[in-house]
Structures are given as C-alpha cells and as structure tokens.
Amino acid sequence: MHEMSLCEGVLQILEESSASQGFSKVKRVWLEIGELSGVEKEAMRFGFDVVMKETLADGAKLEIIDVPGEAWCMPCSKQVKVAARFDACPDCGSYQLQVTGGDEMRVKELEVE
C-alpha cells in the first residue's frame with residue numbers, strides 16, 4: 001500500500017507550504033490523480049485520514065480530481081484516451097502508444113486558515 005507513503009509526501013508539502021506561507025490549519029486538499037498513476041483512490045482516502053491525524057491537516061477533507069489517461073498513437077499520429085497502461089489504441093488497435101497524460105499525482109489546491 002504505497003498510498004501511505006504518498007500521503008506522507010502530501011503532508012510534507014503541506015508543512016513546507018505552511019512554513020513558507022504562514023498558515024496554521026489546512027481545511028481541504030484537492031489532489032489531481034491520474035487514471036494511469038496506479039494510485040488507489042479509496043486507499044488514498046484511508047491513508048490521508050490516518051497520516052493527517054494530529055498534524056496541521058487533522059480533520060481536513062480530501063477532494064480527488066480524476067485526470068483521464070491519454071497517449072499518443074504513433075500509427076494514427078493522434079492523441080487517444082486510454083484507461084490503463086499497455087492498452088491498445090481504441091482506433092487502430094496498435095500497442096505503439098506513448099503515455100502523455102494521466103500518470104501524475106499532484107496537490108492542486110488548498111483551503112487553509
């Protein structure tokens with residue numbers, strides 16, 4: 001369950017942002033999670049609640065923004081939607097795809113006081 005370590009990384013970002021921007025409490029966190037990132041959203045929610053206890057984000061609400069998977073199909077020479085890594089191109093069936101989006105996870109926005 002690597003989501004716990006991802007949540008610890010999010011906490012580190014929150015603590016660094018708090019130190020540089022001067023807020024003391026995080027009320028809400030928006031995370032962008034790509035469809036191809038390999039992150040389990042429910043495990044992320046569970047890990048977030050556990051890791052944030054007794055920190056500046058204790059009780060903060062986690063909002064997850066889904067980012068669709070995208071790839072460049074070399075035979076079609078165009079961008080296509082993919083639901084999983086190593087999927088075939090939905091148009092031509094080729095496996096010559098280069099992932100171009102949906103493999104990231106990032107803190108998008110914070111609500112603080």
Side-chain angles (χ1 to χ4, degrees):
M1 184 165 153
H2 72 289
E3 284 78 3
M4 291 295 260
S5 62
L6 293 173
C7 289
E8 290 171 356
V10 170
L11 177 58
Q12 186 175 359
I13 291 169
L14 298 179
E15 290 172 341
E16 290 171 2
S17 296
S18 172
S20 67
Q21 299 175 22
F23 58 84
S24 59
K25 176 85 176 150
V26 177
K27 296 171 67 177
R28 192 178 305 247
V29 177
W30 283 266
L31 284 182
E32 284 185 336
I33 298 178
E35 190 174 14
L36 308 177
S37 66
V39 175
E40 292 286 333
K41 288 182 233 168
E42 289 311 310
M44 195 69 189
R45 290 185 193 282
F46 173 78
F48 184 84
D49 290 341
V50 170
V51 170
M52 300 304 157
K53 285 208 181 295
E54 300 180 16
T55 70
L56 75 160
D58 193 358
K61 185 167 171 90
L62 175 62
E63 303 283 351
I64 294 176
I65 302 166
D66 295 316
V67 178
E70 295 181 336
W72 179 258
C73 177
M74 291 181 221
C76 294
S77 296
K78 68 179 185 180
Q79 197 78 9
V80 295
K81 301 275 185 202
V82 291
R85 288 188 180 271
F86 311 115
D87 272 0
C89 173
D91 292 342
C92 72
S94 170
Y95 287 93
Q96 294 179 324
L97 300 176
Q98 175 72 41
V99 172
T100 57
D103 59 346
E104 69 274 19
M105 185 190 98
R106 74 179 116 219
V107 176
K108 174 75 172 172
E109 189 174 336
L110 301 175
E111 180 180 347
V112 299
E113 56 182 42

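In this chain, numbering begins with 1 at the start of the sequence shown.
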Salt bridge (Lys or Arg N to Asp or Glu O under 4.0 Å) involving Asp49 - partner list, sequence neighbours excluded: none
Could I get the full list of salt bridge (Lys or Arg N to Asp or Glu O under 4.0 Å) partners for Asp66, not counting sequence neighbours? Lys41
Using the test side chain to side chain donor-acceptor pair (under 3.5 Å), find all partners of Gln21 that sit at least two apart in sequence or belong to another chain. none
Does Tyr95 reach the side chain of Cys89, with side-chain heavy atoms less than 4.5 Å apart? no
Can you tell me how far CG of Asp58 sits from CE of Met52, rounded to the nearest 0.5 angstrom? 10.0 Å
Using a 6.0 Å cut-off, check whether atom CD of Gln98 has over 12 heavy atoms from anything other than its own residue. no
Should Trp72 and Val99 be counted in the same cluster of Ile, Leu, Val, Met, Phe, Trp and Tyr side chains packed under 4.5 Å apart? no
Using the test salt bridge (Lys or Arg N to Asp or Glu O under 4.0 Å), find all partners of Glu104 that sit at least two apart in sequence or belong to another chain. Arg106
May I ask whether Ile64 and Ile13 are part of the same hydrophobic cluster, defined by side-chain heavy atoms of I, L, V, M, F, W, Y residues being less than 4.5 angstrom apart, directly or through others? yes
Could you tell me whether the side chain of Ser18 and the main chain of Leu14 form a donor-acceptor pair under 3.5 Å? no
Hphob cluster co-occupancy, Val82 + Met74, side-chain heavy atoms under 4.5 angstrom: no
Which residues pass the side-chain contact (heavy atoms from CB on, under 4.5 Å) test with Val39, not counting sequence neighbours? His2, Glu3, Leu6, Ile33, Ser37, Met44, Met105
Please round to the nearest 0.5 Å and tell me the distance separating atom CZ of Phe86 and atom CG of Leu36. 10.0 Å
Sorted by first residue and then second, give each salt bridge (Lys or Arg N to Asp or Glu O under 4.0 Å) pair with at least one member in residues 18-28; sequence neighbours left out. Lys27-Glu111, Lys27-Glu113, Arg28-Glu63, Arg28-Glu111
With sequence neighbours excluded, tell me which residues meet side chain to side chain donor-acceptor pair (under 3.5 Å) with Glu35. none
Just grab all the salt bridge (Lys or Arg N to Asp or Glu O under 4.0 Å) pairs involving residues 82-100, residues at least two apart or on different chains. Lys78-Asp91, Arg85-Asp103
Applying salt bridge (Lys or Arg N to Asp or Glu O under 4.0 Å), can you list everything that pairs with Glu42, at least two apart in sequence or on another chain? Arg45
Taking side chain to side chain donor-acceptor pair (under 3.5 Å) as the test, write out the residues that go with Thr100, two or more places apart. Gln79
Supply the members, apart from Trp30, of the Ile/Leu/Val/Met/Phe/Trp/Tyr cluster built from side-chain contacts under 4.5 Å; use none for a lone residue. Ile65
Residues passing the side-chain contact (heavy atoms from CB on, under 4.5 Å) test with Val51, sequence neighbours excluded, are Met4, Cys7, Glu8, Leu11
